Number of protein chains: 2
Amino acid sequence: MPVRQSSKPRARRPAAEARPYHHGDLRRVLIDAALQLAAEGAEISVREAARRATVSPGAPFRHFPNRDALMAAVAEEAQRRFRAEIEAALSESPAAGPLARFRAFGLAYLRWAMRNPAHFEIISTGRYFAHGGSSELTRDNAELIALTEQMLADAAAQGLLRSADLKRIQIAGRALVYGFARMKLDGHLPRWGVEEGEIERMAEGVLDLFIAGIAKP
Amino acid sequence: MPVRQSSKPRARRPAAEARPYHHGDLRRVLIDAALQLAAEGAEISVREAARRATVSPGAPFRHFPNRDALMAAVAEEAQRRFRAEIEAALSESPAAGPLARFRAFGLAYLRWAMRNPAHFEIISTGRYFAHGGSSELTRDNAELIALTEQMLADAAAQGLLRSADLKRIQIAGRALVYGFARMKLDGHLPRWGVEEGEIERMAEGVLDLFIAGIAKP
DNA sequence: CCACTATGTAATCATCGATTACATAGTGGG
DNA sequence: CCCACTATGTAATCGATGATTACATAGTGG
């Protein structure tokens with residue numbers, strides 16, 4: 001946590017930060033503070049983010065026109081991390097069949113959601129800011145979706161699927177994975193959620209059940 | 001919208017409301033106002049509910065210790081309506097097989113969620129108030145879940161299912177339906193959501209795909 | 001070296017949830 | 001029948017928040 005230590009906030013030579021003016025990229029610091037706030041389970045408030053950046057309550061509004069804009073930037077950052085992890089997981093399980101890749105995708109998705117619940121919520125809910133449709137977040141997400149569509153198309157081409165309605169399968173798969181993740185976050189898996197790891201095993205089982213259901217016997 | 005019209009707020013004879021003291025069940029009026037606020041897509045605030053009840057900003061706190069308590073009451077009311085509709089739908093499709101009843105349940109669930117998005121969100125999210133575990137909402141929900149478990153047990157007893165892991169099937173089914181509903185609410189079904197009714201047909205298709213996946217061929 | 005702009009501060013506003021002191025309206029016991 | 005008592009509502013107030021505005025300061029480039 002690089003906080004300026006000197007009593008006088010800004011020294012003469014600003015440590016050659018490369019970044020622009022006074023603070024040395026306050027924008028980034030605010031986004032990180034907000035992400036950390038979320039991870040701690042706290043509400044994200046502009047003031048609290050400013051407080052953690054040791055900056056006045058009005059300063060953030062030089063970088064974001066309003067709270068929603070900050071939240072959108074936070075969501076985009078979280079989405080970047082999410083996507084990076086998914087793609088890393090996919091590149092680790094190289095060839096295999098398309099259904100195995102589909103499974104790996106779903107598993108990585110679920111794991112990230114379980115382990116970064118607050119960030120997953122920010123990404124997915126669209127309640128935190130006015131999802132202007134065209135944001136980087138939407139584009140990023142669309143590319144992930146396209147990835148799953150390709151896997152399903154490959155599976156169909158290899159005659160692995162019972163049904164030819166790929167769109168339906170794809171929506172169902174998304175709903176299943178998204179729903180499981182959200183059930184966890186929304187507290188709908190209370191009873192057997194006590195033991196850590198059990199939920200991830202159940203997630204895996206649910207995913208396998210789905211794949212078995214769509215695969216040709 | 002029964003708002004008192006007289007310039008003097010409270011007349012001598014309070015119109016024989018049967019209900020207790022001054023206002024004539026302010027509690028109920030506040031809950032209804034909050035539900036309507038949600039249905040309009042607005043944030044629920046105690047003050048706005050008070051405003052709509054033509055009452056001072058502090059009055060609601062005579063009936064609810066804090067905002068969360070109001071939200072919890074609102075959620076319980078929404079849950080009552082939800083459950084009533086599910087059970088009505090089930091009683092309309094009487095006998096049939098257990099899987100047909102399972103399907104009817106899922107369809108009623110999805111329909112209600114699509115048509116009452118804000119209320120569904122209040123029920124399900126658990127972000128609106130401090131879900132104290134023991135609320136009526138939790139109990140109500142548990143009973144609905146038990147219903148689906150019974151249907152699956154019946155189906156298994158009649159040898160209709162491919163897998164014997166009923167818990168897994170049940171969680172997967174919940175995740176699928178919950179996930180589809182939430183995808184709709186969270187704006188994850190953009191493209192083909194333009195035409196009304198198309199989404200409900202897709203919901204039906206997804207449900208059928210799932211049932212076909214778990215049913216013995 | 002000096003305008004110019006990017007960035008941050010200080011002060012201020014409206015709204016909100018919440019608390020407190022006070023007012024009023026029914027109820028029930030003597 | 002009246003009078004305490006309690007349930008209910010009001011008014012005033014507090015602290016926190018998002019947001020705006022006027023002002024200060026720090027780098028940049030002609």
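Throughout, a chain's letter reflects where its sequence line sits, starting with A, and its residues are numbered from 1. Given the structure is predicted, the values throughout are model-derived calculations rather than measurements. The basis for the numbers below is simple: all heavy atoms, side chains too, and nothing from hydrogens, waters or symmetry mates.
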Suppose we define a pair by two distances each less than 3.5 Å, Watson-Crick or G-U wobble; what does [N] pair with here?
{"N": "D:dG27", "result": "C:dC4"}
{"N": "C:dC16", "result": "D:dG15"}
{"N": "C:dA11", "result": "D:dT20"}

Could you state the [atom1]-[atom2] distance from [X] to [N], rounded to the nearest angstrom?
{"X": "B:Asp25", "N": "D:dT8", "atom1": "CG", "atom2": "C1'", "result": "12 Å"}
{"X": "B:Arg27", "N": "D:dG9", "atom1": "CZ", "atom2": "P", "result": "12 Å"}
{"X": "A:Met71", "N": "D:dA19", "atom1": "CE", "atom2": "P", "result": "12 Å"}
{"X": "B:Phe61", "N": "D:dG9", "atom1": "CZ", "atom2": "P", "result": "14 Å"}
{"X": "A:Glu48", "N": "D:dA19", "atom1": "CD", "atom2": "P", "result": "16 Å"}
{"X": "B:Leu26", "N": "C:dA25", "atom1": "CG", "atom2": "C1'", "result": "15 Å"}
{"X": "A:Leu30", "N": "C:dT7", "atom1": "CG", "atom2": "P", "result": "12 Å"}

query = Starting at the 5' end of DNA chain D, which residue's closest nucleotide do you reach first, B:Pro60 or A:Pro57?
reply = B:Pro60
key: Polar pair under 3.5 Å, donor/acceptor by atom type, side chain A:Arg62, base C:dG8   = yes
inquiry  = Ring centres under 6.0 Å, that's the criterion: do A:Tyr109 and A:Phe82 meet it?
reply    = yes
message = Set out, in order, the CA-CA distance, both residues' side-chain angles and the distance that settles salt bridge (charged side-chain N to carboxylate O under 4.0 Å, His left out) for A:Arg80 and A:Glu77, then state yes or no.
response = CA-CA 5 Å; A:Arg80 277 201 320 112; A:Glu77 172 61 20; 2.7 Å; yes
request  = In sequence, state the C-alpha distance, the side-chain angles, and the governing distance for B:Arg81 and B:Glu85, and then conclude on salt bridge (charged side-chain N to carboxylate O under 4.0 Å, His left out).
outcome  = CA-CA 6 Å; B:Arg81 300 185 187 178; B:Glu85 187 137 324; over 6 Å; no
query = Looking only at side-chain N and O atoms, does A:His63 come under 4.0 Å of OP1 or OP2 in C:dG8?
reply = yes
inquiry  = If the cut-off is 4.0 Å, is A:Arg67 near the phosphate of D:dG18, judged by side-chain N/O to OP1 or OP2?
reply    = yes
Verdict with supporting geometry, A:Arg27 and A:Phe64, side chain to side chain contact (heavy atoms under 4.5 Å, CB included) = CA-CA 8 Å; A:Arg27 183 189 160 87; A:Phe64 305 97; 3.3 Å; yes
request  = May I ask you to say what A:Arg51 touches in the nucleic acid, namely base, sugar-phosphate or nothing, with a heavy-atom cut-off under 4.0 Å?
outcome  = sugar-phosphate
Minimum-distance pair of heavy atoms, taken over all atoms of A:Val206 and B:Arg168 = CG2-O, 4.1 Å
message = Quick check on DNA chain C: between A:Val55 and B:Asn66, whose nearest nucleotide comes earlier from the 5' end?
response = A:Val55
ask   = Between C:dG8, D:dG9, C:dG17, which nucleotide gets closest to the side-chain atoms of B:Ser56?
value = D:dG9
ask   = Taking the side chain of A:Arg47 as its heavy atoms from C-beta onward, which of C:dG17, D:dT17, D:dG9 lies nearest to it?
value = D:dT17
